Amino acid sequence: MKLDQILGKDKITLSFEVFPPKTDANYDSVEKAAFGVAKLNPSYMSVTYGAGGSTRSNTVKIAGGIQNRYGVTTIAHLTCVGASRADIRNALGEMKAAGIENVLALRGDKPKDFEGDPFTDFHYASELVSEIKACGDFCVGGACYPEGHVDSVNKKEDILNLKKKVDAGCEFLTTQMFFDNNIFYNFLYRIREAGINVPVIPGIMPITRANQVVNAVKLSGCNVPERFKSIVDRFGGEPAAMQQAGIAYATDQIIDLIANGINNIHVYSMNKAEVAAGIQSNLSEIVKC
């Protein structure tokens, strides 16, 4: 099923993101974890893509397996990094053969050990969106950044670039993680003013280990509210308590979003079925999957 048939309806949706193994050696364990999330029967699942396309075949295999075994709609990631036009068309062919109808088009970040220019045929996600739309009947989504992309000069420029992505054919957007809902509400107001009217899905990251905070800030530059810093300070040294507190904080964010009319929620569950299940349980009377 295409995501445009799932999103934008009156029904509240809850989706989860998983990642494929980096190598074939640990494929079985990662597949088991991803399938553990699929067993929760979310509205749909997103399967990420390794740096430089290093996990392309595993991305397709995991996404296809989720759909075939559990009947859960999937969206496969695809990035510009290190990809030629032929690479992208081959990847889309593999996705189509696996029954995958949804693609998240991303520019991607340059891998640490990548030599040369990683952006050859495709420099921007908007170019990738156009290529995907030209190559098949896919529902195409993109990423957006409520606090601004780290490479953008300012937020105004970032929104202008986002508009190009939507104009190229992007049918929905999923946000980078954020920990302050007011930042999301402000961002949503600004992009609507700019004429971006596709569904925007907030991406929520449950922080269940103290070191995830440092990594989150490093990767996305997102703001961490004092309230959440206090939670990490108090429970960061107690793994079980930190996981419970992180799930509770993420749940609180989601409830506030839904209460304010945001019906589609995406959770970066990081292959942790227990975290996804904890959030789903907390929302059992709010979100009917």
Side-chain angles (χ1 to χ4, degrees), residues 3-4 6-8 12-19 42-49 75 77-79 102-109 125-126 129 139-152 154-166 170-207 212-213 215-225 228 249-270 276 279 287:
L3 259 64
D4 59 4
I6 297 174
L7 305 172
I12 297 170
T13 68
L14 181 66
S15 57
F16 298 123
E17 183 165 290
V18 296
F19 56 82
S43 303
Y44 67 90
M45 287 176 64
S46 174
V47 184
T48 68
Y49 199 66
I75 175 168
H77 292 207
L78 193 57
T79 69
N102 308 289
V103 183
L104 190 71
L106 305 165
R107 189 198 70 164
D109 298 318
S126 57
V129 171
C139 178
V140 184
C144 59
Y145 305 85
E147 296 173 72
H149 193 283
V150 292
D151 291 339
S152 292
N154 52 51
K155 291 181 179 179
K156 182 178 180 179
E157 180 191 73
D158 194 43
I159 291 176
L160 290 174
N161 289 331
L162 187 61
K163 184 67 163 57
K164 291 179 183 177
K165 195 186 304 185
V166 172
C170 193
E171 297 167 74
F172 65 92
L173 299 165
T174 303
T175 77
Q176 175 64 274
M177 71 185 83
F178 59 89
F179 301 105
D180 181 347
N181 286 2
N182 288 326
I183 291 173
F184 173 76
Y185 298 137
N186 180 266
F187 171 73
L188 196 60
Y189 173 81
R190 288 186 289 113
I191 66 170
R192 296 306 189 215
E193 285 286 294
I196 298 172
N197 296 309
V198 298
V200 180
I201 307 161
I204 302 300
M205 169 72 86
I207 298 294
Q212 284 182 291
V213 177
N215 293 335
V217 173
K218 182 179 179 180
L219 289 172
S220 66
C222 57
N223 174 64
V224 180
F228 189 70
Y249 188 91
T251 301
D252 185 57
Q253 277 191 274
I254 293 168
I255 291 172
D256 178 76
L257 288 163
I258 294 172
N260 282 281
I262 307 301
N263 281 347
N264 305 301
I265 308 293
H266 190 59
V267 177
Y268 296 114
S269 52
M270 304 295 288
I279 289 175
V287 182

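Remember, it's a predicted structure, so these values are computed and weren't measured experimentally.
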Mind listing the closest non-hydrogen atom pair of [X] and [Y] along with its distance?
X	Y	value
Cys170	Val198	O-CG1, 3.7 Å
Gly142	Leu104	N-CD1, 3.5 Å
Ala143	Leu162	O-CD1, 3.7 Å

How many angstroms lie between atom [atom1] of [X] and atom [atom2] of [Y], to the nearest 0.5 angstrom?
X	Y	atom1	atom2	value
Cys139	Leu7	SG	CG	7.5 Å
Lys165	Arg107	NZ	CZ	10.0 Å
Tyr268	Phe19	OH	CZ	14.5 Å
Leu106	His77	CG	NE2	6.0 Å
Ile262	Thr13	CD1	OG1	11.0 Å
Ile196	Leu173	CD1	CG	7.0 Å

Candidate pair Glu193 and Ile159, rule side chain to side chain contact (heavy atoms under 4.5 Å, CB included), full reasoning: CA-CA 10 Å; Glu193 285 286 294; Ile159 291 176; over 6 Å; no
Within the side chain of [X], is there an N or O that forms a donor-acceptor pair under 3.5 Å with the backbone of [Y]?
X	Y	result
Thr175	Gly203	yes
Asp180	Pro225	no
Glu147	Asn223	yes
Ser126	Lys164	no
Glu171	Val140	yes
Asp256	Asp252	no

Residue pair Phe172, Ile201: steps toward the side chain to side chain contact (heavy atoms under 4.5 Å, CB included) verdict: CA-CA 8 Å; Phe172 65 92; Ile201 307 161; 3.8 Å; yes
Tyr44 and Asn264 side chains, donor-acceptor separation under 3.5 Å: no
Donor + acceptor pair across side chains of Tyr145, Asp158 (<3.5 Å): no
Evaluation steps, side chain to side chain contact (heavy atoms under 4.5 Å, CB included), between Val18 and Met45: CA-CA 7 Å; Val18 296; Met45 287 176 64; 3.6 Å; yes
Side chain to side chain contact (heavy atoms under 4.5 Å, CB included) between Leu188 and Ile191, intermediate numbers included: CA-CA 5 Å; Leu188 196 60; Ile191 66 170; 4.2 Å; yes
Heavy atoms, side chains only, cut-off 4.5 Å: are [X] and [Y] in contact?
X	Y	value
Ile258	Val287	yes
Phe16	Ser46	no
Val47	Ile75	no
Thr48	Glu17	yes
Ile204	Leu257	yes

Sequence-distant partners of Asn186, side chain to side chain donor-acceptor pair (under 3.5 Å), two or more places apart: Arg190
Counterpart residues, side chain to side chain donor-acceptor pair (under 3.5 Å), relative to Asn263 (two or more places apart): none
Aromatic ring pairing Phe179/Tyr249, orientation class (parallel under 30°, perpendicular over 60°, tilted between): tilted
Phe187 and Phe184 aromatic ring geometry - parallel, tilted or perpendicular at 30°/60° bounds: tilted
Check against side chain to side chain donor-acceptor pair (under 3.5 Å), His266 and Ser15: CA-CA 5 Å; His266 190 59; Ser15 57; 2.6 Å; yes
